[in-house]
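Here the structure is laid out as structure tokens; the discussion comes afterwards.
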2 protein chains.
Amino acid sequence: MNNAHDSEILRGLHAAIIDLVDEINRPRRDDRLIEEAGIPLDRALFPLLARVWRYGPIGVVELADRTGRDHTTISRQMTKLEELGLIERKPSMTDRRVREATVTEKGQEMVDLLNAARERLANRILVDWTDEDLDQLRALLRRFADDLMR
Amino acid sequence: MNNAHDSEILRGLHAAIIDLVDEINRPRRDDRLIEEAGIPLDRALFPLLARVWRYGPIGVVELADRTGRDHTTISRQMTKLEELGLIERKPSMTDRRVREATVTEKGQEMVDLLNAARERLANRILVDWTDEDLDQLRALLRRFADDLMR
DNA sequence: CAGAATCGTGTGCATTATTCACGTTTTTCG
DNA sequence: CGAAAAACGTGAATAATGCACACGATTCTG
């Protein structure tokens, strides 16, 4: 328990985070992944599909909170995903105001293809890593993200 | 050197990355930081200012490459930053096509305030971390980001 | 060395994304 | 019960983004 951490470390950590986030935000990365997966999917929609898969069943407002955008934006994108048959929405049984979204079978197939493609790309990029280092990064990053979201 | 890493680890790592990136991308975070810093700055412009500070002197195209957006978008935002007197642009001496951007003194003051504010917030969030753990995360994340950027 | 191809930058235009204001339905709670 | 709040959606206004293109600077190439 520290009141003040080493500024050097904090700045270095921040720099690494910015580099990582910029890299992940790159539209070209998504294009590459979609190409590797070999599926036809609008790259604007696929991050949302991934999040419905991960956090679903989930409503519009909660998902909007999570991604930091207005709920109306998410509402429209979810409508598109629904029209494409990738997600499914039905009123929640416990709260009929929320229309819970889940991935359909067709959506699940796409998610599977995307996950497999991402794993192939990751293995190509991370050839020099040991499983031990990766797992350490995973654990530390999980803790960090949780603290950030708290 | 592994051909295939443990899928569990990779998926867990990916999940943590998504959580982190979503959290960082949240506009509310930037608002919070700007408020803590006590400066009047459009939250859309401040990520760009931070990157000019970090990578500058830097031209439009290189910065656009780095952030993954179209170069015309960056060009317009840089114009705004210049009008606000936060950055300065002058033709490069080695290549007169590029107009190298650097932060002005006024821009530097803002960056300093932002960095100080971020550090205060970070120390509040990371009370339970030791410097050792933080530095380990920093080192692993730096390596990861570098590998990702190839 | 001259012409062609490439690169960095910026502008006009069209498209798309995002927000804002508002209304509806459902739930919560005093 | 009844008021307040929450989840969701629609329409209109606004902002952001990308594309086509132009122009000067630079590099490539025969």
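Note: hydrogens, waters and symmetry copies are ignored here, and every other heavy atom, side chains too, is used. Below, read A as the first sequence line, B as the second, and so on, with proteins coming before strands; counting in each chain starts at 1.
Between A:Arg51 and B:Asp19, none of the side-chain N atoms (NZ, or NE/NH1/NH2) sits under 4.0 Å from a carboxylate O, so this pair counts as no salt bridge. The existence of a salt bridge linking A:Asp22 and A:Arg26 is excluded, since no basic side-chain nitrogen approaches an acidic carboxylate oxygen closer than 4.0 Å. Using a cut-off of 4.0 Å between Lys/Arg side-chain N and Asp/Glu carboxylate O, A:Arg28 and A:Glu23 are scored as not salt-bridged. A salt bridge links A:Arg143 with B:Asp133: the distance from a Lys NZ or Arg NE/NH1/NH2 to an Asp or Glu carboxylate oxygen falls below 4.0 Å. Here A:Glu36 pairs with A:Arg120 in a salt bridge; the nearest charged N to carboxylate O distance falls below 4.0 Å.
Between A:Asp70 and B:Thr72, the one whose closest nucleotide on DNA chain C sits nearer the 5' end is B:Thr72. Heavy-atom distances to DNA chain D give each of A:Pro27 and A:Ser75 a nearest nucleotide, and the one nearer the 5′ end belongs to A:Ser75.
Of the candidate nucleotides D:dG9, C:dT27, C:dC13, C:dT27 has the atom nearest to the side chain of A:Arg96. Each of D:dG9, D:dA5, D:dT26 was ranked by its minimum atom distance to the side chain of A:Arg89; first place goes to D:dG9. Side-chain atoms of B:Thr73 lie closest to D:dG18 of the nucleotides D:dT26, D:dG18, C:dA17.
A:Glu100 comes within 4.0 angstrom of nothing in the nucleic acid, heavy atoms only. Nucleic acid contact class of B:Thr79 (heavy atoms, under 4.0 Å, all strands): none. Base engagement by B:Val61 is indicated by at least one non-hydrogen atom pair under 4.0 Å involving a base atom. Within 4.0 Å (heavy atoms only), B:Arg76 reaches at least one base atom of the nucleic acid.
For B:Asp42 and D:dT14, the CG to C1' distance is 14 Å, given to the nearest whole Å. At whole-Å resolution of the value, NZ in A:Lys90 and C1' in D:dA7 are 18 Å apart. In this structure, CE of A:Met78 is placed 16 Å from C1' of D:dT10, rounded to the nearest angstrom. One can place CZ of A:Arg69 at 7 Å from P of C:dT19, the figure rounded to the nearest angstrom. Rounded to an integer number of Å, the gap from B:Arg66 CZ to C:dG8 P is 14 Å. Put simply, CG on A:Leu81 is 16 Å from C1' on D:dG9, counting in whole angstrom units. Between the C1' atom of C:dG10 and the CD atom of B:Glu83 lies a distance of 14 Å, rounded to the nearest Å. Counting to the nearest Å, the P atom of D:dG24 and the CG atom of B:Asp95 are 16 Å from each other.
Not a single donor-acceptor pair under 3.5 Å links the side chain of A:Thr104 to the backbone N or O of A:Glu88.
With hydrogens and angles ignored, a donor-acceptor pair closer than 3.5 Å exists between the side chain of B:His71 and the base of C:dG10. On a pure distance criterion of 3.5 Å, no polar donor-acceptor pair joins the side chain of A:Arg99 and the base of D:dC8.
For C:dT25, the OP1/OP2 oxygens have no side-chain nitrogen or oxygen of A:Arg97 closer than 4.0 Å. Phosphate proximity of C:dA17 to A:Lys80: present, with a side-chain N or O under 4.0 Å from OP1 or OP2. Regarding contacts with the backbone of D:dA16, every side-chain N or O of B:Gln77 stays at 4.0 angstrom or more from both OP1 and OP2.
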